[in-house]
Amino acid sequence: MYSFNYERPSGINDAAGAVGEDDKFLAGGQSYLPTLKLRLAQVDKLVDLGGISDLKGISVSGGEISIGAMTTHGTVATSSDVRSSIPALADMAAHIGDAQVRNRGTIGGSIANNDPAADYPSALVALNATVHTNKRSITADDFFVDLFETALEDGELITKVTFPVPQKAAYAKFPNPASRFALVGVFVAQTTSGARVAVTGAGPCVFRQSDMEAALSGNFSGAAVKGIQTVADKLNADIHASADYRAHLISVMAARAVDAAS
Amino acid sequence: MTSVSMTVNGKSVNADVEPNTLLVQFIRENLRLTGTHVGCDTSQCGACTVHVNGDSVKSCTMLAVQADGSDVTTIEGLASGDDLHPMQTAFRENHGLQCGFCTPGMIMSAVDLVKRNPNPTEETIRKELEGNICRCTGYHNIVKSVKDASEKMGG
Ligand SMILES: Cc1cc2nc3c(=O)[nH]c(=O)nc-3n(C[C@H](O)[C@H](O)[C@H](O)COP(=O)(O)OP(=O)(O)OC[C@H]3O[C@@H](n4cnc5c(N)ncnc54)[C@H](O)[C@@H]3O)c2cc1C
Ligand code: FES
Ligand code: FES
(Lines give C-alpha, C1' and ligand atoms only; values in the text may rest on other atoms or scores of the structure.)
(Ligands and ions follow the chains in the order given, each with its own letter.)
Protein backbone atom coordinates (compact mmCIF):
# COMPACT_ATOMS: atom_id res chain seq x y z
CA MET A 1 0.00 0.00 0.00
CA TYR A 2 1.11 3.54 -0.64
CA SER A 3 1.15 5.61 2.53
CA PHE A 4 -1.86 7.67 3.58
CA ASN A 5 -3.19 9.63 6.53
CA TYR A 6 -5.97 8.34 8.71
CA GLU A 7 -8.79 9.86 10.68
CA ARG A 8 -11.66 8.32 12.65
CA PRO A 9 -14.33 10.93 13.35
CA SER A 10 -17.28 10.16 15.62
CA GLY A 11 -20.04 12.10 13.86
CA ILE A 12 -21.60 12.17 10.38
CA ASN A 13 -20.93 15.88 9.84
CA ASP A 14 -17.33 15.54 11.03
CA ALA A 15 -16.79 12.70 8.56
CA ALA A 16 -18.33 14.64 5.67
CA GLY A 17 -16.22 17.66 6.60
CA ALA A 18 -13.03 15.61 6.89
CA VAL A 19 -13.09 14.09 3.42
CA GLY A 20 -11.26 16.15 0.79
CA GLU A 21 -10.91 15.71 -2.95
CA ASP A 22 -8.21 13.01 -2.80
CA ASP A 23 -9.61 11.28 0.28
CA LYS A 24 -11.90 8.29 0.72
CA PHE A 25 -14.27 6.91 3.30
CA LEU A 26 -13.34 3.55 4.78
CA ALA A 27 -16.17 1.25 5.91
CA GLY A 28 -15.48 -2.48 6.39
CA GLY A 29 -12.45 -2.27 4.11
CA GLN A 30 -13.29 -5.60 2.44
CA SER A 31 -13.23 -4.06 -1.04
CA TYR A 32 -11.14 -0.95 -0.62
CA LEU A 33 -8.21 -2.36 1.40
CA PRO A 34 -7.57 -5.12 -1.19
CA THR A 35 -7.65 -2.37 -3.86
CA LEU A 36 -5.12 -0.29 -1.94
CA LYS A 37 -2.92 -3.33 -1.29
CA LEU A 38 -2.75 -4.03 -5.02
CA ARG A 39 -1.87 -0.36 -5.53
CA LEU A 40 -4.85 0.00 -7.86
CA ALA A 41 -5.70 3.16 -5.95
CA GLN A 42 -3.89 5.84 -4.02
CA VAL A 43 -5.44 8.07 -1.40
CA ASP A 44 -4.30 11.06 0.67
CA LYS A 45 -6.41 10.26 3.69
CA LEU A 46 -8.80 7.52 4.78
CA VAL A 47 -11.75 8.74 6.81
CA ASP A 48 -12.79 5.68 8.81
CA LEU A 49 -16.54 5.52 9.42
CA GLY A 50 -16.09 2.82 12.08
CA GLY A 51 -16.39 5.22 15.01
CA ILE A 52 -19.79 6.68 14.04
CA SER A 53 -22.49 4.92 16.02
CA ASP A 54 -25.27 6.83 14.21
CA LEU A 55 -24.42 4.87 11.04
CA LYS A 56 -25.04 1.47 12.65
CA GLY A 57 -28.19 -0.44 13.40
CA ILE A 58 -31.52 -1.67 12.08
CA SER A 59 -35.02 -0.41 12.86
CA VAL A 60 -38.51 -1.21 11.59
CA SER A 61 -41.44 1.19 11.48
CA GLY A 62 -44.44 1.98 9.30
CA GLY A 63 -43.95 -0.93 6.89
CA GLU A 64 -40.34 0.03 6.29
CA ILE A 65 -37.03 -1.36 7.46
CA SER A 66 -34.08 0.99 7.87
CA ILE A 67 -30.48 -0.25 7.84
CA GLY A 68 -27.59 2.03 8.81
CA ALA A 69 -24.75 2.30 6.29
CA MET A 70 -22.17 0.74 8.64
CA THR A 71 -24.31 -2.30 9.46
CA THR A 72 -22.37 -5.45 8.58
CA HIS A 73 -23.63 -8.24 6.33
CA GLY A 74 -23.40 -10.56 9.37
CA THR A 75 -25.69 -8.30 11.40
CA VAL A 76 -28.27 -8.11 8.59
CA ALA A 77 -28.12 -11.90 8.11
CA THR A 78 -28.86 -12.60 11.77
CA SER A 79 -31.21 -9.71 12.58
CA SER A 80 -34.58 -10.97 13.80
CA ASP A 81 -36.17 -7.75 12.48
CA VAL A 82 -34.86 -8.36 8.96
CA ARG A 83 -35.63 -12.09 9.13
CA SER A 84 -39.25 -11.46 10.12
CA SER A 85 -40.01 -8.58 7.73
CA ILE A 86 -37.88 -9.35 4.63
CA PRO A 87 -36.45 -12.88 5.00
CA ALA A 88 -35.07 -12.72 1.45
CA LEU A 89 -32.80 -9.84 2.47
CA ALA A 90 -31.42 -11.74 5.47
CA ASP A 91 -30.83 -14.79 3.24
CA MET A 92 -29.01 -12.70 0.66
CA ALA A 93 -26.74 -11.16 3.32
CA ALA A 94 -26.01 -14.62 4.75
CA HIS A 95 -24.58 -15.68 1.38
CA ILE A 96 -22.21 -12.77 0.77
CA GLY A 97 -18.59 -13.93 0.71
CA ASP A 98 -17.59 -15.82 3.84
CA ALA A 99 -18.06 -15.41 7.60
CA GLN A 100 -15.00 -13.16 8.05
CA VAL A 101 -16.07 -10.89 5.15
CA ARG A 102 -19.59 -10.71 6.59
CA ASN A 103 -18.17 -9.69 9.98
CA ARG A 104 -16.54 -6.59 8.45
CA GLY A 105 -18.24 -5.74 5.14
CA THR A 106 -21.11 -3.24 5.25
CA ILE A 107 -24.23 -2.40 3.23
CA GLY A 108 -23.00 1.17 2.66
CA GLY A 109 -19.62 -0.02 1.37
CA SER A 110 -21.16 -2.62 -0.89
CA ILE A 111 -23.55 -0.24 -2.63
CA ALA A 112 -21.06 2.66 -2.83
CA ASN A 113 -18.64 0.27 -4.51
CA ASN A 114 -21.31 -1.05 -6.95
CA ASP A 115 -19.29 -4.07 -8.04
CA PRO A 116 -21.08 -5.62 -11.05
CA ALA A 117 -21.19 -8.97 -9.24
CA ALA A 118 -22.22 -7.68 -5.80
CA ASP A 119 -25.43 -8.96 -4.24
CA TYR A 120 -26.87 -5.90 -2.47
CA PRO A 121 -27.55 -3.79 -5.60
CA SER A 122 -30.11 -6.36 -6.78
CA ALA A 123 -31.88 -6.31 -3.40
CA LEU A 124 -32.11 -2.52 -3.36
CA VAL A 125 -33.46 -2.33 -6.91
CA ALA A 126 -35.98 -5.20 -6.60
CA LEU A 127 -37.26 -3.96 -3.24
CA ASN A 128 -37.49 -0.36 -4.50
CA ALA A 129 -35.27 0.84 -1.66
CA THR A 130 -34.13 4.40 -1.01
CA VAL A 131 -30.51 5.37 -0.33
CA HIS A 132 -30.19 8.21 2.20
CA THR A 133 -27.07 10.36 2.23
CA ASN A 134 -25.90 13.35 4.25
CA LYS A 135 -27.36 15.48 1.44
CA ARG A 136 -30.44 13.80 -0.07
CA SER A 137 -32.47 10.66 -0.74
CA ILE A 138 -31.94 8.69 -3.95
CA THR A 139 -34.14 5.84 -5.24
CA ALA A 140 -32.28 2.61 -5.99
CA ASP A 141 -33.31 2.90 -9.66
CA ASP A 142 -31.38 6.18 -9.87
CA PHE A 143 -28.53 5.25 -7.52
CA PHE A 144 -26.78 2.50 -9.53
CA VAL A 145 -25.47 4.17 -12.66
CA ASP A 146 -22.88 1.96 -14.37
CA LEU A 147 -19.86 -0.29 -13.74
CA PHE A 148 -18.51 0.74 -10.29
CA GLU A 149 -20.42 4.01 -10.73
CA THR A 150 -23.21 5.42 -8.56
CA ALA A 151 -25.11 8.69 -8.26
CA LEU A 152 -22.93 9.67 -5.26
CA GLU A 153 -21.03 12.91 -5.60
CA ASP A 154 -17.48 13.29 -4.31
CA GLY A 155 -17.51 13.27 -0.53
CA GLU A 156 -21.21 12.34 -0.28
CA LEU A 157 -21.82 9.98 2.61
CA ILE A 158 -24.44 7.21 2.64
CA THR A 159 -26.14 7.22 6.04
CA LYS A 160 -28.77 4.50 5.67
CA VAL A 161 -30.92 2.49 3.28
CA THR A 162 -34.69 2.11 3.74
CA PHE A 163 -36.61 -0.84 2.29
CA PRO A 164 -40.42 -0.93 2.02
CA VAL A 165 -41.58 -4.38 3.16
CA PRO A 166 -42.78 -6.32 0.06
CA GLN A 167 -45.63 -8.84 -0.10
CA LYS A 168 -43.05 -11.47 -0.90
CA ALA A 169 -39.52 -11.67 -2.22
CA ALA A 170 -36.59 -14.03 -2.81
CA TYR A 171 -33.03 -13.98 -4.11
CA ALA A 172 -31.45 -16.77 -6.15
CA LYS A 173 -27.74 -16.61 -6.86
CA PHE A 174 -25.48 -18.77 -8.96
CA PRO A 175 -22.25 -18.06 -7.07
CA ASN A 176 -18.78 -18.14 -8.50
CA PRO A 177 -17.54 -21.12 -6.50
CA ALA A 178 -14.22 -19.44 -5.60
CA SER A 179 -15.27 -15.91 -4.61
CA ARG A 180 -18.99 -16.50 -4.03
CA PHE A 181 -19.72 -13.26 -5.89
CA ALA A 182 -22.73 -13.62 -8.19
CA LEU A 183 -22.07 -15.08 -11.63
CA VAL A 184 -25.74 -14.26 -11.93
CA GLY A 185 -28.07 -13.28 -9.11
CA VAL A 186 -31.76 -12.48 -9.48
CA PHE A 187 -33.77 -10.73 -6.77
CA VAL A 188 -37.55 -10.78 -7.27
CA ALA A 189 -40.20 -8.96 -5.25
CA GLN A 190 -43.97 -8.77 -5.33
CA THR A 191 -44.87 -5.25 -4.21
CA THR A 192 -48.07 -3.21 -4.02
CA SER A 193 -46.99 -1.48 -7.25
CA GLY A 194 -46.32 -4.74 -9.12
CA ALA A 195 -43.52 -7.29 -9.54
CA ARG A 196 -39.89 -6.19 -9.70
CA VAL A 197 -37.00 -8.29 -11.04
CA ALA A 198 -33.39 -7.11 -10.58
CA VAL A 199 -30.41 -8.90 -12.09
CA THR A 200 -26.82 -8.65 -10.83
CA GLY A 201 -23.60 -10.32 -11.99
CA ALA A 202 -24.79 -10.62 -15.57
CA GLY A 203 -24.15 -7.12 -16.90
CA PRO A 204 -21.84 -4.19 -16.13
CA CYS A 205 -24.37 -2.93 -13.57
CA VAL A 206 -27.53 -4.22 -11.90
CA PHE A 207 -30.59 -3.94 -14.19
CA ARG A 208 -34.33 -4.62 -14.16
CA GLN A 209 -35.70 -7.35 -16.43
CA SER A 210 -38.90 -5.61 -17.56
CA ASP A 211 -40.26 -8.50 -19.70
CA MET A 212 -40.19 -10.69 -16.62
CA GLU A 213 -41.77 -8.00 -14.48
CA ALA A 214 -44.66 -7.71 -16.97
CA ALA A 215 -45.16 -11.48 -17.06
CA LEU A 216 -45.12 -11.76 -13.28
CA SER A 217 -47.60 -8.97 -12.75
CA GLY A 218 -50.33 -11.20 -14.23
CA ASN A 219 -49.03 -14.52 -12.92
CA PHE A 220 -46.45 -14.61 -10.12
CA SER A 221 -45.05 -18.07 -10.80
CA GLY A 222 -41.72 -19.51 -11.90
CA ALA A 223 -43.38 -20.89 -15.05
CA ALA A 224 -44.23 -17.34 -16.14
CA VAL A 225 -40.56 -16.31 -16.40
CA LYS A 226 -38.78 -19.55 -17.27
CA GLY A 227 -39.17 -19.08 -21.03
CA ILE A 228 -38.32 -15.37 -21.11
CA GLN A 229 -34.95 -14.74 -22.69
CA THR A 230 -32.59 -11.85 -22.00
CA VAL A 231 -30.60 -10.45 -24.94
CA ALA A 232 -26.96 -11.45 -24.40
CA ASP A 233 -25.44 -8.54 -26.36
CA LYS A 234 -24.63 -6.35 -23.40
CA LEU A 235 -23.92 -9.08 -20.85
CA ASN A 236 -20.52 -9.89 -19.34
CA ALA A 237 -18.29 -12.57 -20.81
CA ASP A 238 -15.16 -13.68 -18.95
CA ILE A 239 -13.22 -16.79 -17.95
CA HIS A 240 -16.08 -17.80 -15.66
CA ALA A 241 -18.97 -17.73 -18.12
CA SER A 242 -19.96 -16.56 -21.60
CA ALA A 243 -22.64 -13.94 -22.19
CA ASP A 244 -25.02 -16.60 -23.58
CA TYR A 245 -24.57 -18.74 -20.51
CA ARG A 246 -25.26 -15.78 -18.26
CA ALA A 247 -28.39 -14.95 -20.30
CA HIS A 248 -29.60 -18.51 -19.80
CA LEU A 249 -28.85 -18.37 -16.07
CA ILE A 250 -31.01 -15.25 -15.68
CA SER A 251 -34.15 -17.22 -16.68
CA VAL A 252 -33.20 -20.18 -14.48
CA MET A 253 -32.38 -18.07 -11.42
CA ALA A 254 -35.46 -15.85 -11.90
CA ALA A 255 -37.75 -18.90 -11.98
CA ARG A 256 -36.09 -20.33 -8.87
CA ALA A 257 -36.41 -17.04 -7.02
CA VAL A 258 -40.08 -16.62 -7.90
CA ASP A 259 -40.89 -20.17 -6.81
CA ALA A 260 -39.03 -19.63 -3.53
CA ALA A 261 -40.54 -16.22 -2.75
CA SER A 262 -42.11 -15.82 0.66
CA MET B 1 2.62 7.77 12.77
CA THR B 2 -0.64 7.22 14.61
CA SER B 3 -0.78 5.83 18.11
CA VAL B 4 -2.87 2.72 18.72
CA SER B 5 -3.77 0.90 21.87
CA MET B 6 -5.61 -2.38 22.06
CA THR B 7 -5.86 -5.49 24.17
CA VAL B 8 -4.20 -8.53 22.61
CA ASN B 9 -4.69 -11.89 24.31
CA GLY B 10 -5.61 -10.11 27.51
CA LYS B 11 -2.61 -7.77 27.61
CA SER B 12 -2.85 -4.10 26.74
CA VAL B 13 -0.44 -2.94 24.06
CA ASN B 14 0.39 0.55 22.80
CA ALA B 15 2.42 1.51 19.77
CA ASP B 16 2.95 4.15 17.12
CA VAL B 17 2.27 2.75 13.66
CA GLU B 18 2.04 4.03 10.11
CA PRO B 19 -1.67 4.13 9.14
CA ASN B 20 -1.00 1.68 6.30
CA THR B 21 0.16 -1.04 8.72
CA LEU B 22 -2.09 -4.08 8.44
CA LEU B 23 -3.36 -5.66 11.63
CA VAL B 24 -1.56 -8.89 10.70
CA GLN B 25 1.73 -7.03 10.25
CA PHE B 26 1.24 -5.39 13.63
CA ILE B 27 0.55 -8.75 15.26
CA ARG B 28 3.46 -10.59 13.63
CA GLU B 29 6.11 -7.87 13.38
CA ASN B 30 5.44 -5.53 16.32
CA LEU B 31 4.10 -8.04 18.79
CA ARG B 32 6.12 -11.01 17.44
CA LEU B 33 3.06 -13.27 17.62
CA THR B 34 3.82 -15.35 14.55
CA GLY B 35 1.08 -17.96 15.01
CA THR B 36 -1.15 -15.83 12.79
CA HIS B 37 -0.13 -16.69 9.22
CA VAL B 38 -0.24 -14.86 5.91
CA GLY B 39 -1.24 -17.29 3.18
CA CYS B 40 -2.50 -15.21 0.29
CA ASP B 41 -2.43 -11.57 1.46
CA THR B 42 -5.44 -11.05 -0.87
CA SER B 43 -8.35 -11.71 1.53
CA GLN B 44 -9.06 -15.20 0.20
CA CYS B 45 -7.47 -17.89 2.37
CA GLY B 46 -8.30 -17.10 6.01
CA ALA B 47 -4.85 -18.14 7.37
CA CYS B 48 -4.65 -14.70 9.01
CA THR B 49 -7.98 -15.01 10.88
CA VAL B 50 -8.06 -13.52 14.39
CA HIS B 51 -10.90 -12.34 16.61
CA VAL B 52 -11.62 -8.64 16.98
CA ASN B 53 -14.13 -8.04 19.77
CA GLY B 54 -15.04 -11.72 19.50
CA ASP B 55 -15.72 -11.81 15.74
CA SER B 56 -13.50 -13.61 13.23
CA VAL B 57 -11.83 -11.25 10.77
CA LYS B 58 -9.09 -11.53 8.17
CA SER B 59 -6.27 -9.55 9.76
CA CYS B 60 -4.65 -9.01 6.34
CA THR B 61 -7.76 -7.01 5.40
CA MET B 62 -7.93 -4.69 8.37
CA LEU B 63 -5.65 -1.85 9.38
CA ALA B 64 -4.00 -1.85 12.79
CA VAL B 65 -5.46 1.65 13.34
CA GLN B 66 -8.97 0.27 12.74
CA ALA B 67 -8.43 -2.07 15.69
CA ASP B 68 -7.60 0.83 18.03
CA GLY B 69 -9.51 0.32 21.26
CA SER B 70 -10.45 -3.28 20.37
CA ASP B 71 -10.02 -6.58 22.10
CA VAL B 72 -7.99 -8.90 19.84
CA THR B 73 -7.45 -12.62 20.29
CA THR B 74 -4.91 -14.59 18.25
CA ILE B 75 -4.19 -18.33 18.21
CA GLU B 76 -1.65 -17.75 21.01
CA GLY B 77 -4.44 -16.49 23.26
CA LEU B 78 -6.76 -19.51 23.08
CA ALA B 79 -5.10 -21.95 25.48
CA SER B 80 -5.13 -21.33 29.21
CA GLY B 81 -1.58 -22.07 30.30
CA ASP B 82 -0.79 -25.65 29.32
CA ASP B 83 -4.44 -26.51 28.77
CA LEU B 84 -5.28 -26.35 25.09
CA HIS B 85 -8.63 -24.90 24.00
CA PRO B 86 -11.10 -27.74 23.22
CA MET B 87 -10.91 -26.74 19.53
CA GLN B 88 -7.11 -27.15 19.54
CA THR B 89 -7.41 -30.53 21.28
CA ALA B 90 -10.04 -31.67 18.78
CA PHE B 91 -7.82 -30.75 15.80
CA ARG B 92 -4.98 -32.74 17.37
CA GLU B 93 -7.08 -35.78 18.19
CA ASN B 94 -8.93 -35.92 14.85
CA HIS B 95 -5.93 -35.31 12.59
CA GLY B 96 -7.46 -31.98 11.58
CA LEU B 97 -4.13 -30.83 10.15
CA GLN B 98 -1.29 -31.97 7.98
CA CYS B 99 1.26 -29.20 7.31
CA GLY B 100 -0.48 -26.92 9.81
CA PHE B 101 -0.20 -23.73 7.81
CA CYS B 102 -3.93 -23.06 7.64
CA THR B 103 -4.57 -24.38 11.16
CA PRO B 104 -4.38 -21.19 13.27
CA GLY B 105 -6.90 -19.50 10.95
CA MET B 106 -9.09 -22.62 10.80
CA ILE B 107 -9.19 -22.83 14.58
CA MET B 108 -9.98 -19.14 15.04
CA SER B 109 -12.80 -19.38 12.47
CA ALA B 110 -14.05 -22.59 14.04
CA VAL B 111 -14.23 -21.06 17.52
CA ASP B 112 -16.30 -18.16 16.15
CA LEU B 113 -18.48 -20.60 14.18
CA VAL B 114 -19.31 -22.63 17.30
CA LYS B 115 -20.02 -19.44 19.24
CA ARG B 116 -22.63 -18.49 16.62
CA ASN B 117 -23.87 -22.04 16.00
CA PRO B 118 -23.50 -24.00 19.25
CA ASN B 119 -24.58 -27.31 17.71
CA PRO B 120 -23.51 -27.12 14.06
CA THR B 121 -24.37 -29.75 11.47
CA GLU B 122 -21.70 -30.92 9.03
CA GLU B 123 -23.33 -28.71 6.38
CA THR B 124 -23.19 -25.64 8.62
CA ILE B 125 -19.52 -26.29 9.42
CA ARG B 126 -18.62 -26.60 5.75
CA LYS B 127 -20.52 -23.44 4.85
CA GLU B 128 -19.11 -21.43 7.74
CA LEU B 129 -15.54 -22.42 6.86
CA GLU B 130 -15.85 -21.11 3.29
CA GLY B 131 -13.41 -18.32 4.12
CA ASN B 132 -10.61 -20.72 5.08
CA ILE B 133 -8.60 -22.64 2.53
CA CYS B 134 -6.57 -25.77 3.29
CA ARG B 135 -4.23 -27.21 0.69
CA CYS B 136 -3.56 -30.50 2.48
CA THR B 137 -6.37 -32.17 4.33
CA GLY B 138 -9.30 -32.27 1.93
CA TYR B 139 -11.27 -30.71 4.83
CA HIS B 140 -12.81 -33.98 6.00
CA ASN B 141 -10.92 -34.20 9.29
CA ILE B 142 -11.19 -30.47 9.85
CA VAL B 143 -14.98 -30.78 9.75
CA LYS B 144 -14.75 -33.81 12.07
CA SER B 145 -12.57 -31.83 14.50
CA VAL B 146 -15.00 -28.91 14.62
CA LYS B 147 -17.95 -31.25 15.18
CA ASP B 148 -16.08 -33.03 17.98
CA ALA B 149 -15.06 -29.76 19.64
CA SER B 150 -18.58 -28.34 19.40
CA GLU B 151 -19.89 -31.36 21.30
CA LYS B 152 -17.19 -31.01 23.97
CA MET B 153 -17.76 -27.27 24.22
CA GLY B 154 -21.27 -28.07 25.46
CA GLY B 155 -23.30 -27.47 22.28
C1 LIG C 1 -13.22 -12.82 -0.18
C2 LIG C 1 -14.33 -11.84 -0.47
C3 LIG C 1 -15.54 -12.32 -0.96
C4 LIG C 1 -16.58 -11.44 -1.22
N5 LIG C 1 -17.76 -11.95 -1.70
C6 LIG C 1 -18.79 -11.12 -1.96
C7 LIG C 1 -20.05 -11.63 -2.43
O8 LIG C 1 -20.25 -12.84 -2.57
N9 LIG C 1 -21.03 -10.74 -2.69
C10 LIG C 1 -20.86 -9.38 -2.50
O11 LIG C 1 -21.80 -8.64 -2.74
N12 LIG C 1 -19.71 -8.89 -2.03
C13 LIG C 1 -18.68 -9.72 -1.76
N14 LIG C 1 -17.50 -9.19 -1.28
C15 LIG C 1 -17.39 -7.74 -1.08
C16 LIG C 1 -17.86 -7.36 0.32
O17 LIG C 1 -19.26 -7.52 0.41
C18 LIG C 1 -17.49 -5.92 0.72
O19 LIG C 1 -17.68 -5.87 2.08
C20 LIG C 1 -18.28 -4.80 0.12
O21 LIG C 1 -18.31 -4.84 -1.26
C22 LIG C 1 -17.68 -3.46 0.51
O23 LIG C 1 -18.09 -3.10 1.78
P24 LIG C 1 -17.07 -2.54 2.84
O25 LIG C 1 -17.89 -2.12 4.02
O26 LIG C 1 -16.02 -3.52 3.10
O27 LIG C 1 -16.55 -1.22 2.11
P28 LIG C 1 -15.08 -0.61 1.88
O29 LIG C 1 -14.21 -1.59 1.23
O30 LIG C 1 -14.60 0.00 3.16
O31 LIG C 1 -15.44 0.59 0.89
C32 LIG C 1 -15.81 0.35 -0.44
C33 LIG C 1 -16.07 1.68 -1.15
O34 LIG C 1 -17.25 2.30 -0.65
C35 LIG C 1 -16.99 3.62 -0.16
N36 LIG C 1 -17.87 3.78 1.01
C37 LIG C 1 -17.95 2.92 2.07
N38 LIG C 1 -18.92 3.32 2.92
C39 LIG C 1 -19.46 4.45 2.39
C40 LIG C 1 -20.52 5.32 2.82
N41 LIG C 1 -21.22 5.10 3.96
N42 LIG C 1 -20.81 6.39 2.03
C43 LIG C 1 -20.14 6.61 0.88
N44 LIG C 1 -19.13 5.81 0.42
C45 LIG C 1 -18.80 4.74 1.18
C46 LIG C 1 -15.52 3.62 0.17
O47 LIG C 1 -14.98 4.92 0.09
C48 LIG C 1 -14.96 2.72 -0.93
O49 LIG C 1 -14.81 3.44 -2.12
C50 LIG C 1 -16.43 -10.04 -0.99
C51 LIG C 1 -15.21 -9.55 -0.49
C52 LIG C 1 -14.17 -10.44 -0.22
C53 LIG C 1 -12.88 -9.90 0.33
S1 FES D 1 -3.62 -14.01 4.32
FE2 FES D 1 -5.43 -13.00 4.91
S3 FES D 1 -6.94 -14.07 3.82
FE4 FES D 1 -5.12 -15.03 3.13
S1 FES E 1 -2.99 -28.46 6.87
FE2 FES E 1 -1.70 -27.74 5.28
S3 FES E 1 -2.83 -26.10 4.49
FE4 FES E 1 -4.22 -26.99 5.86
*Any idea how Phe174(A) and Tyr245(A) line up, ring-wise: parallel (<30°), tilted (30 to 60°), or perpendicular (>60°)?*
perpendicular

_Which atoms of Ser56(B) are under 4.5 Å from chain A, going by heavy atoms: the side chain, the backbone, both sets, or neither?_
both

*Side chain from CB out, backbone as N, CA, C, O: work out which of these in Asp112(B) comes under 4.5 Å of a heavy atom of chain A, or both, or neither.*
side chain

_I'd like to know if Glu123(B) pairs up with Lys127(B) as an ion pair, taking the criterion as any Lys NZ or Arg NE/NH1/NH2 lying under 4.0 Å from an Asp or Glu carboxylate oxygen._
no

*Would you call Asp55(B) and Lys115(B) a salt bridge, taking side-chain N to carboxylate O under 4.0 Å as the test?*
yes

*Interchain contact, Tyr2(A) with chain B, by part (heavy-atom threshold 4.5 Å)*: backbone

*asked:* At a 4.5 Å cut-off on heavy atoms, which part of Leu46(A) comes close to chain B: side chain, backbone, both, or neither?
replied: side chain

*Should Met108(B) and Thr73(B) count as side-chain neighbours, where that means a heavy-atom distance under 4.5 Å?*
yes

Which of [options] touches chain A most, by non-hydrogen pairs under 4.5 Å:
options	answer
Gln44(B), Met62(B), Gln66(B)	Gln66(B)
Thr42(B), Asp68(B), Thr21(B), Ile133(B)	Asp68(B)
Leu113(B), Leu22(B), Val52(B)	Leu22(B)
Thr49(B), Thr2(B), Leu129(B)	Thr49(B)

*Scan side-chain atoms only and decide if Gln100(A) and Ser109(B) contain a donor-acceptor pair under the 3.5 Å cut-off.*
yes

*asked:* side chain to side chain donor-acceptor pair (under 3.5 Å), that's the test. Do Asn9(B) and Thr74(B) meet it? Break it down for me.
replied: CA-CA 7 Å; Asn9(B) 301 332; Thr74(B) 69; 2.9 Å; yes

